[in-house]
Amino acid sequence: MNLRLSNDFWLDMFRQIVSNPNYGTLPPTGKCIVVEYCSPNTNKPLHLGHVRNMLLGWSVAAILAAAGNEVHKVLIYNDRGIHICKTMAAWLAVGKGDTPESTGKKGDFLVGEYYIKFAELHAQQKQNLIEGGMSADEAEQATPIFKAAQELLRQWEANDPKTRQLWEMMNAWVYPGHNETYAKLGVDFEKRYYESETYLGGKQMVESGLAKGVFYRKENGAVAIDLSAEKLDEKILVRGDGTTIYITQDLAAADMRYNDYQMDTSIYVVGDEQNYHFKVLKAIMQHLGYPFADQIYHLSYGMIDLPTGRMKSREGTVVDADDMIAEVIATAQAHTEALGKTEGFTPEASQNLYRIVGLGALKFHLLKINPQKRIIFNPEESIDFLGHTGPFVQNCHARIQSVVRKYKAEHQLDGTIQLNPTDLHPAERNLFVQLYRYVPALQVAAQTYDPAAIADYAYQLAKLYNHFYAECPILSNKDPQLNHFRTVLSLTVARLLRQSMGLLGIELPDRM
RNA sequence: GGUCCCAUAGCUUAAUGGAUAGAGCAACUGCCUUCUAAGCAGUAGGUUACUGGUUCGACCCCAGUUGGGAUCACCA
């Protein structure tokens, strides 16, 4: 009796899901959320750490939007500063006028080469100075290449036209390179901020903070705030010489963002090495009385390390995003060909499948893990395509589409379900329950800013479907109503698979 | 030294304070003459780092210990 009532309930629930094309989209909350993710420097290509950052940020934005929020995705470019000037100095020293056009190299990679070149030149020159009798500390600041970089920074800040021109030229090489990587990964930004446009704005905020008595001036003219009540100590906001520092620029950027969006919540997807920085940022914004300050949220994620330790771009030990993407697509191709899955595919369709499966594997691999956990990436070991993976879910979708194609070749699908609840198979009932759990899963993911909750949902759904698929014939029952019902069930599972995996930025192929 | 994060099976991991801690990989056994085997079914593998505490009940909350990581610039 219990079972029967229960089956009635679930069958009714299923009918509602089938007849509601908007199932899984939550009603508007009226809240405006800005998500900043990926804050690259313009002196090198994007690497695997950025990939985690971008996938996480993009996915959280998608989840929040599905949960009924107005979401704006933004990016900030660290396009100025000593790191850029180092690259410029190296290019002036040994670049021989090379450009992406003249070398045929992708712009961000070409610029990145000079960042490494700078480190090499600096190390050499430092060694020479030390051999000449200078102390290591002194030599660190005294190499000709370092001095050239410092001079470029001074000239940049003084608006020297030639320096600005060089800077703009090299940055202009980087942006198309990064854009290509964003496109490959399928991430996008509504608005791009540039530090070169925000870094001066902090001074006004400092003035108003001083006027409000939130900040105070030290003996040497530096401006500070006392955050010892928050266990964050005293923070300097402006140096004794009147120049601003990193935190001040971020305050200015936050202020500018508020002017642009008047958001209720501001999310920063940034690595956990900056936990302290964002605590300070939030505390200062609270002291300054910004309405959204309490809703500043640092979505902190763990670094991706190599088995040998941290990736260091200066030492050339980084895994470049482009290489990673290319490799995972190549691996997808090898697996797919070994399984003979692309018979009858056009070359274009095959390439597209490799791309979808490769990226699916990569994205699922990075998003299924709780963001705060650090990931050790071993380049020797390729990413899995079996078991708890993106391709597992993709394959489930493809086999559903295959069954549905066969049904549609012979019959009409009208979506009506005629089934006696007592005839419900346990595997079918389990699928009903999992379909119903989509909304709670989405709510949890939105509340905790955690795509892993969605990845787990999609995996569970695919796993339950595969069990059903093995247990229950879909097309070969004597009862045509049963065939129809199981096809509708399959279609609905496919829909929720697409919906959930879509929140992770993962496409699902119709054949694989 | 101060602050913060992490620790679950050999490996990677899951679990609003509530049922026998759930998966995947690796290992072993079965299943393609019916819908896609990137799959399914099964075997084996756990003192949830350690010690206490709170609770009717703790992987989960609290305190301490150990191990790993991050951070604490008038750097970014």
Side-chain angles (χ1 to χ4, degrees), chain A residues 39 41 78 80-84 195 199 218 220-224 228 230-250 271-280 298 300-303 305 309-310 332 335-336 338-341 343 357 360-361 365 368-376 378 381 383-407 409 427 440 443-444 447-448 452-453 455-456 459-460 462-463 465-477 483 486-487 490 509-512:
Chain A
S39 35
N41 293 347
N78 299 310
R80 50 136 257 133
I82 189 67
H83 51 294
I84 312 299
E195 192 192 318
Y199 87 110
K218 314 242 310 171
N220 67 348
V223 177
S228 53
E230 288 99 329
K231 290 188 186 172
L232 295 170
D233 304 319
E234 177 183 68
K235 289 304 295 179
I236 300 293
L237 295 149
V238 177
R239 297 187 188 95
D241 66 4
T243 55
T244 61
I245 57 174
Y246 183 47
I247 187 74
T248 326
Q249 294 156 21
D250 267 8
D272 61 12
E273 60 190 350
Q274 299 210 42
N275 286 353
Y276 177 77
H277 174 74
F278 280 99
K279 279 186 189 175
V280 170
H298 174 207
S300 165
Y301 64 88
M303 303 278 103
D305 293 323
R310 214 166 158 163
H335 281 287
T336 308
L339 291 167
K341 291 279 194 168
E343 276 174 34
V357 173
H365 181 77
K368 75 177 181 185
I369 299 171
N370 183 315
Q372 68 192 152
K373 291 209 168 187
R374 60 195 277 256
I375 293 177
I376 310 237
N378 187 348
E381 297 168 10
I383 287 176
D384 273 337
F385 283 68
L386 303 180
H388 190 186
T389 65
F392 175 95
V393 182
Q394 291 174 319
N395 185 60
C396 177
H397 182 263
R399 67 202 317 205
I400 290 175
Q401 294 306 332
S402 174
V403 173
V404 170
R405 275 193 299 274
K406 290 204 162 123
Y407 186 87
Q443 284 166 335
V444 167
Q447 275 161 18
T448 57
D456 187 57
Y459 173 70
Q460 292 303 335
K463 196 171 159 56
Y465 184 84
N466 281 339
H467 177 77
F468 157 78
Y469 183 90
E471 261 333 271
C472 304
I474 296 166
L475 303 180
S476 56
N477 302 288
N483 291 339
R486 286 185 172 165
T487 305
S490 299
D510 288 338
R511 299 171 200 264
M512 71 182 276

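Protein chains get the first letters and strands the later ones, always in sequence-line order, with residue 1 at the start of each. Owing to the predicted nature of the structure, the values given are computational and were not obtained by experimental measurement.
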| said: Tell me whether A/Arg80 contacts the main-chain N or O of A/Glu195 through its side chain, where contact means a donor paired with an acceptor under 3.5 Å. | reply: no
| message | So A/Arg486 and A/Asn477, do their side chains get closer than 4.5 Å, heavy atoms only? | response | yes
| query | Quick one: does A/Thr487's side chain have a donor or acceptor within less than 3.5 Å of a partner on A/Asn483's backbone? | reply | yes
| request: Syn or anti for B/C6, please, going by whether the chi angle lies within 90° of 0. | output: anti
| note | Winner on side-chain proximity to A/His83, out of B/A76, B/A38, B/C40, is B/A76
| query | Can we say A/Glu273 and A/Arg310 salt-bridge, meaning some charged N sits less than 4.0 Å from an Asp/Glu carboxylate O? | reply | yes
| What does A/Met303 touch in the nucleic acid at a heavy-atom separation under 4.0 angstrom: a base, only the sugar-phosphate, or nothing? | nothing
| message | If I pick the C1' atom on B/A58 and the same atom on B/A63, what distance separates them, to the nearest angstrom? | response | 15 Å
| field | Pairwise P distance, B/A26 and B/G18 [rounded to whole Å] | value | 33 Å
| Under the side-chain hydrogen bond (donor to acceptor under 3.5 Å, both in side chains) rule, what pairs show up with a residue in residues 388-398 of chain A, not counting sequence neighbours? | A/His397-A/Gln401, A/His397-A/Arg498
| said: From C-beta outward on A/Gln274, which listed nucleotide comes closest to its side chain: B/A76, B/A38, B/C40? | reply: B/A76
| Which part of the nucleic acid, if any, lies within reach of A/Asn477 when heavy atoms closer than 4.0 Å are counted: base, sugar-phosphate only, or nothing? | nothing
| What interatomic distance, in whole Å, is found between P of B/A49 and the corresponding atom of B/C60? | 8 Å
| query | Can you tell me if the side-chain N/O atoms of A/Gln460 get under 4.0 Å from OP1 or OP2 in B/A23? | reply | no
| remark: Output for pair (A/Phe468 CZ, A/Ile400 CD1), nearest 0.5 Å, gives 9.0 Å
| Close side-chain approach of A/Val357 to A/His335, heavy-atom, < 4.5 Å | no
| field | Nearest-angstrom distance, P atom, B/G69 to B/C31 | value | 48 Å
| query | When you check every protein heavy atom under 4.0 Å of nucleotides 24-29 of chain B, what one-letter string (B, S, -) results, 5' to 3'? | reply | SS----
| message | Taking any heavy-atom pair under 4.0 Å as a contact, classify A/Phe392: base, sugar-phosphate, or nothing. | response | sugar-phosphate
| Polar side chain donor-acceptor pair, A/Asp250 to A/His277, under 3.5 angstrom | yes
| task | Identify which nucleotide among B/U36, B/C72, B/C4 has an atom closest to any side-chain atom of A/Asn275, counting heavy atoms from C-beta outward. | result | B/C4
| task | For atom CZ of A/Arg239, decide whether the heavy atoms of other residues, nucleotides or ligands shown that lie under 6.0 angstrom number more than 12. | result | yes
| Do the side-chain N or O atoms of A/Asn466 get closer than 4.0 angstrom to the phosphate oxygens (OP1, OP2) of B/C40? | yes
| remark: Regarding the side chain of A/Ser402, the nearest nucleotide among B/U36, B/G69, B/A76 is B/U36
| request: Check the distance between B/A70's P and A/Arg310's CZ and give it to me in whole angstrom. | output: 7 Å
| field | Heavy-atom check, side chain of A/Asn275 versus side chain of A/His298, under 4.5 Å | value | yes
| Nearest-neighbour nucleotide for the A/Arg399 side chain, B/C72, B/U36, B/U13 considered | B/U36
| P spacing across the pair B/C32 / B/A38, given as an integer number of angstrom | 15 Å
| said: When the C1' atoms of B/G45 and B/G2 are compared, how many Å lie between them, rounded to an integer? | reply: 42 Å
| task | Could you check whether A/Phe385 gets within reach of a base, just the sugar-phosphate, or nothing at all, counting any heavy atom under 4.0 Å? | result | base
| When you check the phosphate oxygens OP1 and OP2 of B/U12, does a side-chain N or O of A/Lys373 lie under 4.0 Å from one of them? | no
| query | If you measure from the C1' atom in B/U8 to the same atom in B/A23, how many Å do you get, rounded? | reply | 13 Å
| C1'-based separation of B/G39 from B/U3 [nearest Å] | 49 Å
| task | Would you classify A/Gly81 as touching base, sugar-phosphate or nothing, given that sugar-phosphate means primed atoms plus P, OP1 and OP2, and contacts are heavy atoms under 4.0 Å? | result | nothing
| Residue-phosphate contact under 4.0 Å: A/Lys406 side-chain N/O, B/U36 OP1/OP2 | yes
| request: Compare the minimum distances between each of B/A41, B/C74, B/U71 and the side chain of A/Arg239, then state the nucleotide with the smallest one. | output: B/C74
| What does A/Ile245 touch in the nucleic acid at a heavy-atom separation under 4.0 angstrom: a base, only the sugar-phosphate, or nothing? | sugar-phosphate
| field | Phosphate OP1/OP2 of B/A38: any A/Lys341 side-chain N/O under 4.0 Å | value | yes
| Side-chain donor or acceptor of A/Asp241 under 3.5 Å from a matching atom on the base of B/C74? | no
| message | Under 4.0 Å from OP1 or OP2 of B/U34: is there any side-chain N or O of A/Ser476 that close? | response | no
| In dot-bracket form, how is RNA chain B paired, counting a Watson-Crick or G-U wobble pair only if both its distances are under 3.5 Å and using | for bases paired to another strand? | (((((((..((((....[...)))).(((((.......))))).....(((((..]....))))))))))))....
| remark: Of B/U71, B/C4, B/U36, the nucleotide closest to the side chain of A/Lys279 is B/C4
